[in-house]
Novice: 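First the structure, which I've put down as structure tokens, then a few questions once you've had a look.
Naming: A, B, ... by sequence-line order, numbering from 1 per chain.
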Amino acid sequence: MKFFINVFLISRLKVREKNEDSNQLIFASARFFDDFMGRIILHLDLDSFYASVEEMRRPEIKGKPIVICVFSGRSEDSGAVSTANYKARELGIGAGMPIARAKMLARGKDVVFLPNDIEHYTEVSDKIMDLLDDEADALEQVSIDEAYLDLTDRCRGDWRAARKVAEEIKSKIKELESLTCSVGIGPNKLVAKMGSKHKKPDGLTVIMEGEVQSFFGNIPVSKLHGIGFKTIEVLDRLGIKNGKDLAGFDFKTLKENFGENKAKKIQEIARGIGDTKVEQRLKKQVSKMATLKEDARSAEQVFGRMNELLAELSRKTAKKGARFRTVSIITIDTNLRMQTKSETIPESESVLGAVHVFERLMKDFFKENDGVVLRRIGVRVSNLTYKKIQATLKDFGKFVV
DNA sequence: CGACGTGTAAC
DNA sequence: CCTTTTACACGTCG
């Protein structure tokens with residue numbers, strides 16, 4: 001009997017915690033019933049975060065359409081929209097849109113355009129993430145305005161308790177920062193994420209195991225998390241419209257169109273299957289990009305801007321206590337074609353110590369691309385390793401994100 | 001297999 | 001006219 005239970009536990013652990021050390025088995029029996037019951041995962045998304053934060057700290061713009069912009073500095077209105085609040089979205093303004101177009105749509109209306117202030121948003125975000133950390137077994141911050149919480153142990157399989165936790169979190173965030181958020185709760189990260197997308201803003205959607213199939217089945221494939229524009233084009237040709245179509249589609253045909261791995265992946269998405277753990281991940285690369293004031297036709301013309309970028313990249317990298325092995329430049333020419341060049345070197349701690357490598361890559365790029373005219377450039381270090389002591393995963397995660 | 005470059009997706 | 005940052009998968013080459 002003991003043997004049987006162990007076999008069962010090991011197989012569960014394989015499915016659920018592939019990356020865990022075998023010493024996790026020590027805790028396995030204590031978690032037997034949790035394993036048996038499955039997990040409860042919560043995903044939280046702060047509603048039009050940047051715009052809402054600005055609205056909160058500037059009483060004079062309350063209730064107005066607000067558009068947060070990334071100005072590229074090339075001309076008065078060059079750049080793109082980062083976030084539009086719901087009032088602005090009613091006018092057709094949305095993220096990613098050129099600022100000039102957003103201003104056309106806003107013509108004659110009282111719309112507030114603001115440059116983004118990431119520093120401030122990060123401060124607000126950090127406070128909220130701290131709050132979330134207190135509510136969960138594990139926290140995974142995936143971006144400045146999104147996080148996953150594992151509530152499995154905390155709620156012991158009780159979905160109504162999980163809903164209570166969500167409501168509590170929502171009211172705390174409102175109290176503390178006057179912000180709303182959308183929350184999804186499900187048996188894995190994918191389902192939780194789809195739940196939080198389902199009702200916005202200020203939503204709360206719970207999808208239990210038994211409800212996954214019908215929820216995912218009725219959703220258009222274009223709304224599935226992880227399925228983007230290119231994939232949709234192919235799915236469309238195959239006549240696949242919603243989750244049900246994809247979940248039940250002939251695998252061989254999918255494989256012919258997407259390759260084995262991607263076929264498997266998108267079909268699992270359509271079935272609401274996912275088993276990745278909620279855990280704070282360390283960054284694997286750091287980069288910094290910028291649009292040039294003026295188009296550049298030679299390496300020497302971009303060195304000035306590149307050195308500024310490297311100074312910032314250096315700070316970012318040092319702050320995380322990261323070392324790197326790979327150095328890259330990223331170029332975007334006037335036709336918006338992106339290219340990268342990279343080189344792997346002996347492990348280094350100092351970005352500025354590797355300036356000559358960035359410069360050489362840039363020179364080589366111009367040598368290899370005769371007549372190219374650059375609009376934007378970027379620098380990146382990857383192949384990161386971390387030296388700082390990992391006091392607790394929580395603190396380290398916060399430090400690194 | 002590691003290094004390098006590109007494409008897709010999400011934020 | 002067209003921003004920024006990251007992850008990951010895949011093909012290719014030596």
Novice: When the ring planes of A:His43 and A:Tyr148 are compared, do they come out parallel, tilted or perpendicular, using 30° and 60° as the limits?
Specialist: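 Rings of A:His43 and A:Tyr148: tilted, 30 to 60°.
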
Novice: If only side-chain N and O atoms of A:Arg375 are considered, is one of them under 4.0 Å from the OP1 or OP2 phosphate oxygen of C:dC2?
Specialist: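 Checking C:dC2 against A:Arg375, a side-chain N or O does come within under 4.0 Å of OP1 or OP2.
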
Novice: Between A:Ile332 (CD1) and C:dC1 (C1'), how many Å, whole number?
Specialist: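 A:Ile332 atom CD1 is separated from C:dC1 atom C1' by 15 Å.
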
Novice: Identify whether any heavy atom of A:Thr291 sits under 4.0 Å from a base atom; if not, whether one sits that close to sugar-phosphate; answer base, sugar-phosphate or nothing.
Specialist: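 A:Thr291: backbone/sugar contact only, no base atoms under 4.0 Å.
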
Novice: Nearest whole Å is fine: how far is C:dT5 C1' from A:Arg281 CZ?
Specialist: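 Taking atom C1' of C:dT5 as the reference, CZ of A:Arg281 is at 17 Å.
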
Novice: In whole angstroms, how far is the C1' atom of C:dA7 from the CD atom of A:Gln280?
Specialist: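 Whole-Å distance recorded here is 14 Å.
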
Novice: Which sits closer to the 5' end of DNA chain C, A:Thr334 or A:Asn261, going by the nucleotide each is nearest to?
Specialist: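 Between the two, 5'-proximity favours A:Thr334.
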
Novice: Using atom CD1 of A:Ile99 as one end and atom P of C:dC2 as the other, report the distance to the nearest whole Å.
Specialist: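 The answer, rounded to whole Å, is 7 Å.
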
Novice: Atom NZ of residue position A:Lys265 - does it have more than 12 heavy atoms of other residues, nucleotides or ligands inside 6.0 Å?
Specialist: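 It does not: A:Lys265 NZ has 12 such atoms or fewer within range.
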
Novice: Counting the atoms with a prime plus P, OP1 and OP2 as sugar-phosphate, which does A:Ser78 contact under 4.0 Å by heavy atoms, base, sugar-phosphate, or nothing?
Specialist: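 The residue A:Ser78 makes sugar-phosphate contact but no base contact.
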
Novice: Round to a whole Å and report the spacing from CD1 of A:Ile118 to P of C:dT4.
Specialist: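 So the two atoms are 11 Å apart, to the nearest Å.
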
Novice: Send over the distance from A:Glu119 CD to C:dT4 P, rounded to a whole Å.
Specialist: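 Nearest whole value for this atom pair: 16 Å.
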
Novice: Figure out the OH/P separation between A:Tyr50 and C:dT5, and round it to whole Å.
Specialist: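 Spelled out: OH on A:Tyr50 to P on C:dT5 is 10 Å.
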
Novice: Under a 4.0 Å N-O cut-off, is there an ion pair linking A:Glu308 with A:Arg305?
Specialist: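 Looking at A:Glu308 and A:Arg305, the cut-off is met.
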
Novice: Between A:Asp77 and A:Lys103, does at least one N-O distance fall below 4.0 Å, as a salt bridge requires?
Specialist: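 Yes, charged N to carboxylate O under 4.0 Å.
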
Novice: Given C:dT3, C:dT5, C:dC2, identify the nucleotide with an atom nearest to the side chain of A:Val70.
Specialist: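 Looking only at heavy atoms from C-beta outward on A:Val70, the closest nucleotide is C:dT3.
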
Novice: Once you round it to whole Å, what is the distance between C1' of C:dT4 and CE of A:Met97?
Specialist: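 Nearest whole value for this atom pair: 18 Å.
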
Novice: Donor-acceptor pair, distance only, cut-off 3.5 Å: does the side chain of A:Asp47 make one with the backbone of A:Lys200?
Specialist: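 No: the side chain of A:Asp47 does not pair with the backbone of A:Lys200.
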
Novice: Is A:Arg74 paired with A:Asp295 through a side-chain N to carboxylate O contact shorter than 4.0 Å?
Specialist: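 The answer is yes: the pair qualifies as a salt bridge.
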
Novice: Heavy atoms under 4.0 Å is the rule here; annotate nucleotides 2-11 of chain B 5' to 3' with B where the base is hit, S where only the sugar-phosphate is, and - elsewhere.
Specialist: -SSSB-SSSS

Novice: In chain order, what residues pass the salt bridge (Lys or Arg N to Asp or Glu O under 4.0 Å) check against A:Lys127, with sequence neighbours excluded?
Specialist: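 If we apply the salt bridge (Lys or Arg N to Asp or Glu O under 4.0 Å) test to A:Lys127, skipping adjacent residues, the hits are A:Glu177.
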
Novice: Considering heavy-atom distances to DNA chain C, does A:Lys284 or A:Ala290 have its closest nucleotide positioned more toward the 5' end?
Specialist: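 Checking each residue's closest nucleotide, the 5'-ward one belongs to A:Ala290.
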
